Amino acid sequence: MTYGYIRVSTDKQDCENQKIGLEHKAASLGIKIDKYIMDSGVSGTREPNKRALGGCLMDLCPGDVIICSELSRLGRKLFMIMRILEYIMSQGAKLYTVKDDYVLGDNIQSKVLAFAFGLSAEIERDLISKRTKEALAARRMAGVHLGRIHGSKNKRHKLDGCKDFVLRQLERGHPKYKIAKKLHVCPRTLRTYIRQML
């Protein structure tokens, strides 16, 4: 099975560009993407099991392939990326990236490249975060109001993006308490989520 993974951190970003890149990469490898996994409007700091990516990882089998735009699409923290890559490698699967043209499998060269790229992605994120905090501090000092006036409008559920995984597990007859355990939520949260999505 070949998966194409797409993550955009805001709804305004166009995921079509990532999809086109993934298709070109698959064609160059002589393979076809069987399924797209998409996390739209989801931050890379969010744990994989709270994203659609988590369901994909749990379904991986030896020989499977994941293609993504770049390693930073998997996550924005070094150790998170390393955990994901370690898991992919432990399953006997491979990961290809489009922009940096890396092949990540179960070999020492891949692990070194993954570590170096993940480290640079975290450094870049920290620098962006620092610049953002400095800019916000300057605006506060200038008396500019920050944030929503009428409070947050975020209505996201902690299991958003897990629908396909949950449905597959239910179809296979897995008990809800075991599915909840895999997703690191309490059974009541899962039952509520199932009621809302059905």
Side-chain angles (χ1 to χ4, degrees), residues 1-19 21-23 26 33-98 104 118 121 125 152-198:
M1 176 80 78
T2 299
Y3 298 93
Y5 178 63
I6 297 172
R7 181 182 66 79
V8 285
S9 57
T10 66
D11 294 328
K12 294 180 181 179
Q13 287 179 276
D14 183 13
C15 62
E16 281 304 311
N17 289 335
Q18 285 188 50
K19 189 173 182 179
L22 268 53
E23 289 174 351
I33 295 175
D34 301 303
K35 184 175 182 180
Y36 281 96
I37 307 298
M38 189 173 300
D39 278 317
S40 181
V42 180
S43 170
T45 60
R46 199 172 184 187
E47 285 296 321
N49 64 328
K50 305 293 185 183
R51 297 185 261 150
L53 175 62
C56 171
L57 294 175
M58 295 187 81
D59 286 343
L60 279 182
C61 296
D64 284 352
V65 172
I66 298 176
I67 304 176
C68 65
S69 178
E70 53 190 316
L71 283 185
S72 62
R73 295 296 91 196
L74 297 177
R76 299 298 289 176
K77 293 182 179 179
L78 171 62
F79 291 112
M80 181 190 293
I81 293 173
M82 292 306 296
R83 285 200 315 270
I84 293 170
L85 294 177
E86 182 182 13
Y87 183 80
I88 292 171
M89 294 172 190
S90 72
Q91 298 303 301
K94 286 187 177 181
L95 180 129
Y96 293 87
T97 61
V98 176
L104 301 162
R125 178 180 173 275
S152 173
K153 294 183 179 179
N154 184 8
K155 303 297 182 186
R156 285 192 174 277
H157 192 281
K158 63 171 65 176
L159 290 177
D160 280 354
C162 297
K163 182 177 179 180
D164 289 344
F165 173 74
V166 171
L167 289 175
R168 279 196 304 273
Q169 295 294 302
L170 291 172
E171 287 171 3
R172 293 172 184 172
H174 291 257
K176 290 176 185 167
Y177 77 91
K178 286 191 176 180
I179 302 173
K181 188 175 181 180
K182 288 182 179 180
L183 295 170
H184 303 287
V185 297
C186 70
R188 182 182 296 177
T189 299
L190 178 64
R191 286 195 299 270
T192 301
Y193 179 68
I194 292 171
R195 284 198 302 270
Q196 290 173 351
M197 73 179 186
L198 296 178

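Values in this document were obtained by computation on a predicted structure and should not be read as measured data.
Between Leu71 and Leu85, the closest side-chain pair of non-hydrogen atoms falls below 4.5 Å. The shortest side-chain heavy-atom distance between Leu104 and Ile88 does not fall under the 4.5 Å cut-off. In this structure, Gln18 and Arg73 have side chains that are in contact, with non-hydrogen atoms separated by less than 4.5 Å. At least one side-chain heavy atom of Leu183 sits less than 4.5 Å from a side-chain heavy atom of Cys162. Thr2 places none of its side-chain heavy atoms less than 4.5 Å from the side chain of Ile66. At least one side-chain heavy atom of Tyr36 sits less than 4.5 Å from a side-chain heavy atom of Leu22. Taking the side chain as every heavy atom from C-beta outward, Tyr193 and Val166 approach each other to under 4.5 Å. When side chains are defined from C-beta on, Thr97 does not count as touching Ile67, because their heavy atoms never get closer than 4.5 Å.
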### Query
So Arg83 and Glu47, salt bridge (charged side-chain N to carboxylate O under 4.0 Å, His left out) or not? Walk me through it.
CA-CA 11 Å; Arg83 285 200 315 270; Glu47 285 296 321; 2.7 Å; yes
### Message
Under the criterion side chain to side chain contact (heavy atoms under 4.5 Å, CB included), I'd like the reasoning laid out for Leu95 against Tyr5: C-alpha separation, chi angles, the key distance, then a yes or no.
### Response
CA-CA 10 Å; Leu95 180 129; Tyr5 178 63; over 6 Å; no
### Query
Could you go step by step and tell me if Tyr87 and Met89 meet the side chain to side chain contact (heavy atoms under 4.5 Å, CB included) rule?
CA-CA 5 Å; Tyr87 183 80; Met89 294 172 190; over 6 Å; no
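The number of heavy-atom neighbours closer than 6.0 Å to NZ of Lys178, taken from other residues, nucleotides and ligands shown, is 12 or below.
Atom CE of residue Met58 and atom CD of residue Gln91 lie 10.0 Å apart, to the nearest 0.5 angstrom. Rounded to the nearest 0.5 Å, atoms CD (Glu70) and CZ (Arg7) are 9.0 Å apart. Between the CG atom in Leu53 and the CD1 atom in Ile6 there is a gap of 12.5 Å [rounded to 0.5 Å]. Rounded to the nearest 0.5 Å, atoms CZ (Phe165) and CG (Asn49) are 9.5 Å apart. Between the CZ atom of Arg51 and the CE atom of Met38 there is a distance of 14.5 Å, given to the nearest 0.5 Å. Here Cys56 contributes atom SG and Asp164 contributes atom CG; the two are 11.0 Å apart, rounded to the nearest 0.5 Å.
In this structure, the side chain of Thr192 engages the main chain of Arg188 through a donor-acceptor pair within 3.5 Å.
Within the structure, salt bridge (charged side-chain N to carboxylate O under 4.0 Å, His left out) pairs that include any residue of residues 54-69 comprise Asp59-Arg168, Asp59-Arg172 (at least two apart or interchain).
The minimum heavy-atom distance linking Cys61 with Ala93 is given by the pair O-CB, 4.1 Å. The heavy-atom pair separating Ile33 from Ala26 by the smallest distance is CG1-CB, 3.8 Å.
For Lys176, the side-chain contact (heavy atoms from CB on, under 4.5 Å) test picks out Leu170, Leu190, Arg191, Ile194, with sequence neighbours left out.
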